Amino acid sequence: MKHDFAAIEKKWQEKWEEAGIFNASEDHTKQKFYGLVEFPYPSGAGMHVGHIKAYSGLEVVSRKRRMQGYNVLFPIGFDAYGLPTENYAIKTNTHPRVVTDTNIANFTSQLKRVGFSFDWTRVVDTTEEGYYKWTQWIFRRMFDEGLVFRATTLVNYCPSCKVVLSNEDSQGGKCDICHSDIVQKSKDVWYLRITEYADKLLFGLDGVDYLPNVRLQQENWIGRSEGAFANFTIQGTDDALRIYTTRPDTMFGVTFMVIAPEHPIIAQYADRISNMEALNAYREECAKKTEFERTQLVKDKTGVRIEGLSAINPANGREIPIFISDYVMMGYGTGAIMAVPAHDERDYDFAKKFGIDIIEVIKGGNIAEAAYTGDGEMVNSDFLNGITTKKEAIAKMLDYLTGKGVGEKGVQYKMKDWAFNRQRYWGEPIPIVHCPVCGMVGVPYEELPLRLPNMDQFEPGEGGESPLAKVESFVNCTCPKCGGAAKRETDTMPQWAGSSWYFLRYCDAHNEDVFASKEALSYWLPVDWYNGGMEHVTRHMIYSRFWHRFLYDIGEVPVAEPYAKRTAQGLILGPDGDKMSKSKGNVVNPNDVVDEYGADVLRVYVLFMGEYSSATPWNDSSVRGIKRFLDRVAALTDMAQGEGVTPKLESAFHKTVKKVSCDIEDMKFNTAIAAMMALINDIYEVGTLTRDELGIFARILCPFAPHICEEIWAFLGGEGFASLAPWPEWDEAKTVDATVTYAVQVNGKLRATIDLPKDVDKDTAIAAAKEDAKVQQFMADKTIVKEIFVPGKIINIVVK
RNA sequence: GCCGGAAUGGCGAAAUCGGUAGACGCCCGGGACUUAAAAUCCCGUGAGGCUAACACCUCGUACCGGUUCGAUCCCGGUUUCCGGCACCA
């Protein structure tokens, strides 16, 4: 058979679609498998080979599961709200709806050309009314439960995109969308109280199977730290300055305090402070700095001492000065710290610069040179002196603070609340009404969806307000509570909203009464296996776990954690080894590969390139190697004859079926493919195989290269589709050879190999090894010191 | 700076409860088929040495050292690269 990929791929894709064989069954008595891949953002550029790799992993797993008899849900959809579409719409003066529809149509045809076994009856589009109605509904539930709040704060603002960004979207001081520098701006912002879920998100990780680095990144992002709060009395008042520290054991080494420039204590005690001008000047200087500047100039500590205010160290009653400095942030802990210069690098730098005392309380370093942050014996610390472990010292100090009522154990998180609004058009309208009488009122559930009004100008306003503010018919409304005149919120949700629950909608994609029926949810959840990119581990993954956990807490979903297992694929780099990018001109378009070599080749190649989770450069010649492999597979139809087994191939077949079966489970697709290549090399060497054996080959290759395998299956007269044919079994006994090749070493160096029966005993094996001429040569005139025999592996004779 | 991960032929990579390093693929070389080319099929392919040839020997998994009969794998140290976090108290 000739491998006419263009003809057979189209043919089988049509047949699959016609028969609907990849649509998840409504039969909830069968064992289920829910495989999830991250739905794409339908950009104008079309699909990228990276998408193909990202989807091919679970595509293979899902196809194998179907062949194993599972009821498989392997859905796809489009995360279509967002800035790139809106910016393109503004540039070309086209409505984002039109742009989105065009892009989705393009992505759909590309995905179908690759032959992915998605359930196309459950496609989700986050911008459709029937979908965003429920995004708004969940938000409303959060609003009811007090998880939504509004605050005026300094926010990360992108002057180019004219939007407020969350911390997650502005890492490194750059806008995640356009990479411009972020500025700090005071703004009214909607927040979701994700910090309330910090512990649930952290401890939820214990019950799931995530890739270790995925888990670690989430743990770091949540950033739980255990320590203590302590109150430092402000000299001459009954008031106290409250601090958070992870090192209460070092409290006898405190020689000053530092508060954030924005700390309210300054205004509160303005009348006592004698250098207000200097403080104000410093505060102004800090406000001008961008987040980036503030964190980049790490070495150079700046600050001003607050004249007229001092504090009392609760450990020893010593009076200490208070400074303001921008190395202390208002957003973490209490915005105030106790400074222990001897044992904290930042405090050390500050103390050196301002000539403050440095008191050693832990032995082990040289505080004349640098801060010592290690363990050691406590000194200069009254009741802690002599203690040698940090744990014990912390416990003692905590007892002391609690006993005196000036402090207690405490926990802090690095994670911040989620800034949840954008001043842009192409997003879900926030279903809140501002009433002059009632305040903020939620749009009634029965009025959802709150439709995005149709507009033809989408530019944000000059003051950074949402384009929706221009639509009077949208803005002006009546208060749902009191019936008086009110105004609608005009901000929209951030692009992460729609993707925070899409996996739930797939379970019951067309339900109009609920976001998904309880029955469908309890059958399909949790997602058995979720694969995606590492770049989504700290945003999408955290956000969606949060939304899901919220729904669990209010009884809307049956399981606490949405994803039972999470893996990640590595990038495909350009042929030059650099990250693919338009500007570098090293982007590979999947369409071109399908045109030239076919979808099967593309699918097998992206999985063969290297380890699935690591970044690997694209190589055109290697793609041709895969073409060669599949052509050889097609040609087996001319070689196959007769039924049953070919004795010379029997063991190789059992071994390969086992290898491929196991490797798929471990996502070791590259070695699974290599094993099938090795098998075909064996078949060509033997020169023949039976039709039954070809049927086995076609089935184990089917998840990787389904089109050609369907063609072979049809050629063999197989029933139905290869894609639904039973997954081949292997016989463990037949994977074990009767003889084993032993490596024979003398003094650890390989000198010969000998074939011995698989259950040979030590004495026989060593005797056989000694017969070997080479071995004798290296043993000549020497005394045997030791004889080592590792069953099935090696014989080593040690001589002197 | 802190926390992870990695380093193996000309190239992508295999092999780790310590046991024949380089499976599989690419590239390259040789041969068969062909009027010829492409395609296909077969053979070779870590480096160095030695040989007429077969054989054989030495070295070799970033670098230095250790444990062991035996180390790509374990331990200590160093270098480089990638990812994450980054004044988080």
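Please read these numbers as outputs of a predicted model, since none were measured by experiment. Numbers restart at 1 for each chain; the letters A, B, ... are given by sequence-line order, proteins then strands.
- Annotation: cation-pi pair K749(A)/F778(A) absent, no NZ/CZ under 6.0 Å from the ring centroid and within 45° of its normal.
- With its glycosidic angle within 90° of 0, rG9(B) adopts the syn conformation.
- A cation-pi arrangement, defined by a distance under 6.0 Å to the six-membered ring centre and an angle within 45 degrees of its axis, is present between R632(A) and Y684(A).
- One atom, CG of L679(A), and another, P of rG25(B), lie 12 Å apart when rounded to the nearest Å.
- Using a cutoff of 4.0 Å between basic side-chain nitrogens and carboxylate oxygens, D631(A) and K627(A) are scored as salt-bridged.
- Taking atom P on both nucleotides, rG5(B) is separated from rG77(B) by 15 Å, rounded to a whole Å.
- Ring-plane geometry between H540(A) and H536(A) is classed as perpendicular, the angle between the planes exceeding 60 degrees on a 0 to 90 degree scale with a lower cut at 30.
- Nucleotides rU16(B) and rG30(B) have their C1' atoms positioned 37 Å apart, rounded to a whole Å.
- Computed from coordinates, the L211(A) CG to rG83(B) C1' distance equals 13 Å when rounded to whole Å.
- Rounding to whole angstrom units, NZ of residue K2(A) and C1' of rA39(B) are separated by 11 Å.
- Counting non-hydrogen atoms under 4.0 angstrom, F789(A) reaches nothing in the nucleic acid.
- When the P atom is used for both rC75(B) and rC17(B), the distance is 14 Å, rounded to whole Å.
- Here the separation of rC33(B) from rU40(B), taken at their C1' atoms, is 9 Å to the nearest Å.
- Checking rA89(B), rC59(B), rC87(B) against the side-chain heavy atoms of V328(A) singles out rA89(B) as nearest.
- Heavy atoms of G625(A) sit under 4.0 angstrom from primed sugar atoms or phosphate atoms, though from no base atom.
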Check against side-chain contact (heavy atoms from CB on, under 4.5 Å), Q745(A) and I794(A):
CA-CA 8 Å; Q745(A) 301 179 334; I794(A) 209 159; 3.3 Å; yes

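- By the 30° and 60° cut-offs, the orientation of the rings of Y327(A) relative to F350(A) is tilted.
- Straight-line distance between the C1' atoms of rU78(B) and rA6(B): roughly 16 Å, to the nearest whole Å.
- Nearest-nucleotide mapping onto RNA chain B: of T334(A) and M534(A), the residue sitting toward the 5' end is M534(A).
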Quick one: what's the B/S/- string for nucleotides 40-48 of chain B, heavy-atom cutoff under 4.0 Å, read 5' to 3'?
SSS------

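- Whole-Å rounding puts the N220(A) CG to rC85(B) P distance at 9 Å.
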Using the side-chain contact (heavy atoms from CB on, under 4.5 Å) rule, take Y372(A) and E360(A) through it: C-alpha gap first, then chi angles, then the decisive distance, then the call.
CA-CA 9 Å; Y372(A) 175 67; E360(A) 180 179 58; 6.0 Å; no

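- Within the 3.5 Å criterion, the main-chain N or O of A371(A) finds no donor-acceptor partner in the side chain of D344(A).
- The same atom, P, is picked in rA86(B) and in rG12(B); the two are 33 Å apart, to the nearest Å.
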Under a cut-off of 3.5 Å for both distances of each Watson-Crick or G-U pair, what dot-bracket string does RNA chain B give, using [ ] for crossing pairs and | for inter-strand pairs?
(((((((..(((......[....))).(((((.......))))).((((......))))..(((((..]....))))))))))))....

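- Smallest separation of non-hydrogen atoms from T246(A) and S225(A): CG2-OG, 3.6 Å.
- Using cut-offs of 30° and 60° for the angle between ring planes, the W418(A) and Y543(A) rings count as parallel.
- A cation-pi arrangement, defined by a distance under 6.0 Å to the six-membered ring centre and an angle within 45 degrees of its axis, is absent between R566(A) and Y210(A).
- Classification of the Y332(A)-Y244(A) ring pair by plane angle, with boundaries at 30° and 60°, yields perpendicular.
- Side-chain N/O atoms of Y244(A) include none lying less than 4.0 angstrom from OP1 or OP2 on rA89(B).
- Nucleotides rG22(B) and rG10(B), compared at atom C1', are 14 Å apart to the nearest Å.
- Atom P of nucleotide rC69(B) and atom CG of N747(A) are separated by 11 Å, given to the nearest angstrom.
- Taking 4.0 Å as the cut-off between side-chain N and carboxylate O, D326(A) and R283(A) do not count as a salt-bridged pair.
- Taking atom CG on L216(A) and atom P on rC2(B), their separation rounds to 16 Å, with Å as the unit.
- Along RNA chain B, the nucleotide nearest Y605(A) and the nucleotide nearest A674(A) are compared for position; the residue whose nucleotide lies closer to the 5' end is Y605(A).
- You'll find that the side chain of W221(A) is closest to rC85(B), out of rC85(B), rC26(B), rU58(B).
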Along nucleotides 13-22 of chain B, 5' to 3', which nucleotides get a B, which get an S, and which get a -, given that the test is a protein heavy-atom distance under 4.0 Å?
SSS---BB--

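- Distance check on atom C1': rA71(B) versus rU61(B) gives 11 Å, rounded to whole Å.
- Regarding H540(A), its NE2 atom lies at a distance of 18 Å from the P atom of rG84(B), rounded to whole Å.
- Heavy atoms of R224(A) sit nowhere under 4.0 angstrom from any nucleic acid atom.
- Put simply, the side chain of K414(A) and the base of rC85(B) share no donor and acceptor less than 3.5 Å apart.
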